[in-house]
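Shown next, in structure tokens, is the structure this report addresses.
Computed from a predicted model, the values in this text were never measured in an experiment.
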Amino acid sequence: MGYLGNAATNVVYPFTVVALAVALLIGDGAAALFSLSLGRGDAHTGNRCGRIALLVSLAAGILLTIVGYVAFDPVLHLFGVTEDCYSYAADYFFVILMGIPFYVLTSGLNGMIRADGAPAYAMVSTVVGAVLNLILDSIAVFALKWGVTGAAIATVVGQVVSCVLSCVYLFRAKLFHLEKKDVRFGLGNFLRVCRLGLSSFITQISIVIIIAVANNMIGIVGPASAYGADIPLAVIGIVMKVFGIVISFAVRIAVGGQPIVGYNYGAGNFSRVRQTYRFILLANIVVGAVATLLFELFPQYITMIFGSESDLYNEYACLCFRIFLGGILFCCVQKASSIFLQSVGKAVKATLLSVSRDVLFLVPLVVWFSLQFGMTGMLWAAPTADVLAFLLTVILVLWEMKKMKRAESSVRAGASDDAESCEAN
């Protein structure tokens, strides 16, 4: 459908990220509490985490679908829909809303599946739906000529299949069990799950805030630029989707280490916690470095994946990748470190780190740079925010590492005193 089709999916994309944010609030929070509870030998709380992930994710998905249909037009306008791409966005959004409950339930259960010791199953359940989506996209868009509606139908079908596979796992879980007679999970545990999952929620919801602010600033400043409004709207959407892919690598690497970090932190094995974080950090540096090279050297080829357009379109796309994503390495480290702090139960620090890059730094900078320097100047807001958030990351992580070392020293001192007391006796 050309750049208007890309602009339309960009308008709808933030709502699906909201759904993912809610799912990870519950799923990652439940997984973190589950691992910490197992490390402390509290199997009862672990079972309740499974019930929370299932019931709350299902309820949240249904509620989001209802909100989407009730506030259909306001949602599209909130995320910057233009008159030219409205019909495409409306067609796409109407169908996508049908799959939201399945999408939220799958994402909510995946955290528990990984924490239960089955990361391969969690991966397969997601990949099967994604591959099916790709196949059906080709059929619906190219063969049947259904346009953006066909793309949305393919997405929903893939989400349903992934959801079914995730639910099947509940009948073969190893470390938690869902009792039919007891659907309670306790308000206290629910609040602890939300507190531990808040960092994951903010990591995703901040993407929504960025897109909403950027899209609306494009609507204000774009018409006066050489690129107009629709070209930047389409390009920013593409860049944010690619950004989301890279950040998914960063965050999910950290989440993959979450069961190890949480269990060993709960058991007091801090050396294992530090070792796991070092591995997470190294993996994210590699991801960030590879992404940076791709964005700086081959932005045109990445843009062409989403369709070839005019020279003006391609020019702005290359600028976006090279400037807006220029600090992606720092961002990968910051996002992964936020999940690490969440995994060790430091909800306040994790939340602070989650909001720092996108909400505290990037949003004000996008507004300021847009008004002062126009469409091109706006792009420099992201690398500036990346550097500032990275500096905060270093401070918070070093602070936590020092606390772990002090706790280790106290344990060793206590063990030494006990040994001396035994010898004296």
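- Looking only at side-chain heavy atoms (C-beta outward), R357 and F330 stay at 4.5 Å or farther from each other.
- Using a distance-only test at 3.5 Å, with no hydrogens or angles considered, no donor-acceptor pair links the side chain of S57 to the main chain of L105.
- A distance-only check finds a donor-acceptor pair linking the side chain of N215 to the backbone of F79 [under 3.5 Å].
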Step-by-step side-chain contact (heavy atoms from CB on, under 4.5 Å) determination, F369 to L379
CA-CA 8 Å; F369 284 17; L379 304 179; over 6 Å; no
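- Environment of CZ in F102: sparse, with no more than 12 heavy atoms of neighbouring residues, nucleotides or ligands closer than 6.0 Å.
- You'll find the side chain of F34 reaches within 4.5 Å of the side chain of D116, heavy atoms only.
- Here the side chains of I339 and S343 are in contact, with some heavy-atom distance below 4.5 Å.
- Nearest approach of A30 to V193, heavy atoms of both residues: N-CG1, 3.4 Å.
- In plain terms, the two heavy atoms of P259 and R114 that are nearest each other are CG-O, 4.1 Å.
- Looking at V359 and I209, their side chains come closer than 4.5 Å, going by heavy atoms from C-beta outward.
- Between I210 atom CD1 and I205 atom CD1 the span is 11.0 Å, to the nearest 0.5 Å.
- Between V397 and S337 the shortest heavy-atom distance is CG2-CB, 3.9 Å.
- In this structure, the separation between CG on N110 and CG on L165 is 10.0 Å, given to the nearest 0.5 Å.
- Side-chain N or O atoms of Y277 include none that pairs as donor or acceptor with a backbone N or O of A254 at under 3.5 Å.
- Summarising the geometry, atom CG belonging to L198 is positioned 9.0 Å from atom OG belonging to S338; distances are rounded to the nearest 0.5 Å.
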List the steps, then state whether side-chain contact (heavy atoms from CB on, under 4.5 Å) holds for D28 with L196. CA-CA 8 Å; D28 284 1; L196 290 172; over 6 Å; no
task = Kindly indicate, with the supporting measurements, whether the criterion side-chain contact (heavy atoms from CB on, under 4.5 Å) is fulfilled by Y121 and V168.
result = CA-CA 11 Å; Y121 189 96; V168 166; 3.8 Å; yes
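- Between K346 and W399 the shortest side-chain heavy-atom distance does not fall below 4.5 Å.
- Under a cut-off of 6.0 angstrom, the local environment of CE in M401 is crowded, with over 12 non-hydrogen atoms contributed by other residues, nucleotides or ligands.
- Looking only at distances, a side-chain donor or acceptor of Q334 sits under 3.5 Å from a matching main-chain atom of L353.
- Dense packing is recorded around CZ of F243, with more than 12 heavy atoms of other residues, nucleotides or ligands lying under 6.0 Å away.
- Judged by distance alone, the side chain of S162 and the main-chain N or O of S125 form a donor-acceptor pair under 3.5 Å.
- In this structure, the separation between CG on D386 and NZ on K335 is 8.5 Å, given to the nearest 0.5 Å.
- The local environment of CZ in F72 is crowded, with over 12 non-hydrogen atoms from other residues, nucleotides or ligands closer than 6.0 Å.
- Inter-residue side-chain proximity for I26 and F190 is flagged as met; some heavy-atom pair is nearer than 4.5 Å.
- Taking the side chain as every heavy atom from C-beta outward, M98 and Y69 approach each other to under 4.5 Å.
- Counting heavy-atom neighbours within 6.0 Å of F15 CZ, excluding the residue itself, gives a total above 12.
- Taking each heavy atom of V12 and A89 in turn, the nearest pair found is CG2-O, 3.6 Å.
- The nearest pair of heavy atoms linking Y103 to T16 is CE2-O, 3.4 Å.
- When atom types are taken as modelled, the side chain of N216 and the backbone of A212 share a donor-acceptor pair closer than 3.5 angstrom.
- Checking side-chain atoms of N284 against main-chain N and O of I280 turns up a donor-acceptor pair under 3.5 Å.
- T149 OG1 to L144 CG: the interatomic distance, rounded to the nearest 0.5 Å, is 12.0 Å.
- In the model, R272 has a side-chain atom that pairs as donor or acceptor with a side-chain atom of Q275 under 3.5 Å.
- The two residues C320 and V239 come nearest to each other via the heavy atoms CB-CG2, 3.5 Å.
- The closest side-chain heavy-atom distance from I220 to M217 is below 4.5 Å.
- Checking side-chain atoms of Q258 against main-chain N and O of A31 turns up a donor-acceptor pair under 3.5 Å.
- Of the possible donor and acceptor atoms, one in the side chain of T65 sits under 3.5 Å from a partner among the backbone N and O of L97.
- Looking only at distances, no side-chain donor or acceptor of Y316 sits under 3.5 Å from a matching main-chain atom of I236.
- To the nearest 0.5 Å, atoms CD (Q300) and CD1 (I305) are separated by 11.0 Å.
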Practice prompt. Evaluate the side-chain contact (heavy atoms from CB on, under 4.5 Å) criterion for residues V255 and R252: first the C-alpha distance (whole Å), next the side-chain angles of each, then the deciding distance (0.1 Å), finally the verdict.
Written response: CA-CA 5 Å; V255 169; R252 302 334 280 180; 3.7 Å; yes
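- More than 12 heavy atoms of other residues, nucleotides or ligands sit less than 6.0 Å from atom OH of Y86.
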